[in-house]
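Let me begin by presenting the structure, written as structure tokens, before commenting on it.
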Amino acid sequence: MSKATRMTKQKRVILDILRSTQNHPSADWVYEQAKKIVPDISLGTVYRNLNVLRDSGEIIELNYGSTYSRYDGRNENHYHFYCEKCSKLVDVSIPVYEGLDKMVQDTTGFEVRHHRMEFYGLCNECKEMKAKRA
Ligand code: ZN
Ligand code: MN
């Protein structure tokens, strides 16, 4: 297998892994899954491919002030909820507010291409645990 073909295969594997989960995993998790399919893949290769996929817009890299990034195989704009207690990251199924871009554009004169929106708080499990302790 040529170097280029190998790269393409590994990229494909990583993209498939990300598209098959809704958990917005870390690079480490992707690496563990990728090893099951490509046993000799390295963590460095996983990172390199994640960056390539991010730069080409096929995946989204998300960071919430934690030390590691989370990756999303769903690349069209959508919103997220981040649990500040357990770091769970889930999609929020509300329509993307397209009017926001125009509002910011009209206010600033800037060319707005897209926006990101994150909601923070406690997920249902963490909310219940908090209620039980109280
Ligand atoms: Zn939680
Ligand atoms: Mn998502």
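Atoms within a ligand are numbered from 1 in the order they appear, just like the ligands themselves.
With respect to Arg116 and Glu118, a salt bridge is recorded, a charged nitrogen being found less than 4.0 Å from a carboxylate O. A salt bridge between Glu61 and Arg70 is absent, with no side-chain N of the basic residue lying under 4.0 Å from a carboxylate O of the acidic one.
Rounded to 10°, the angle formed at the Mn ion (ligand 2) by Asp91 OD1 and His80 NE2 is 100°. The SG atom of Cys86 and the SG atom of Cys126 subtend an angle of 110° at the Zn ion (ligand 1), given to the nearest 10 degrees. Put simply, the angle at the Mn ion (ligand 2) from NE2 in His24 to OD2 in Asp72 is close to 90°, to the nearest 10°.
Taking the centre of each ring, His80 and Tyr120 stay at or above the 6.0 Å mark.
The name of the N, O or S atom in His78 nearest to the Mn ion (ligand 2) is NE2.
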Audit row: Glu125, Lys127, salt bridge (Lys or Arg N to Asp or Glu O under 4.0 Å) steps and yes/no: CA-CA 5 Å; Glu125 288 78 35; Lys127 217 172 66 187; over 6 Å; no

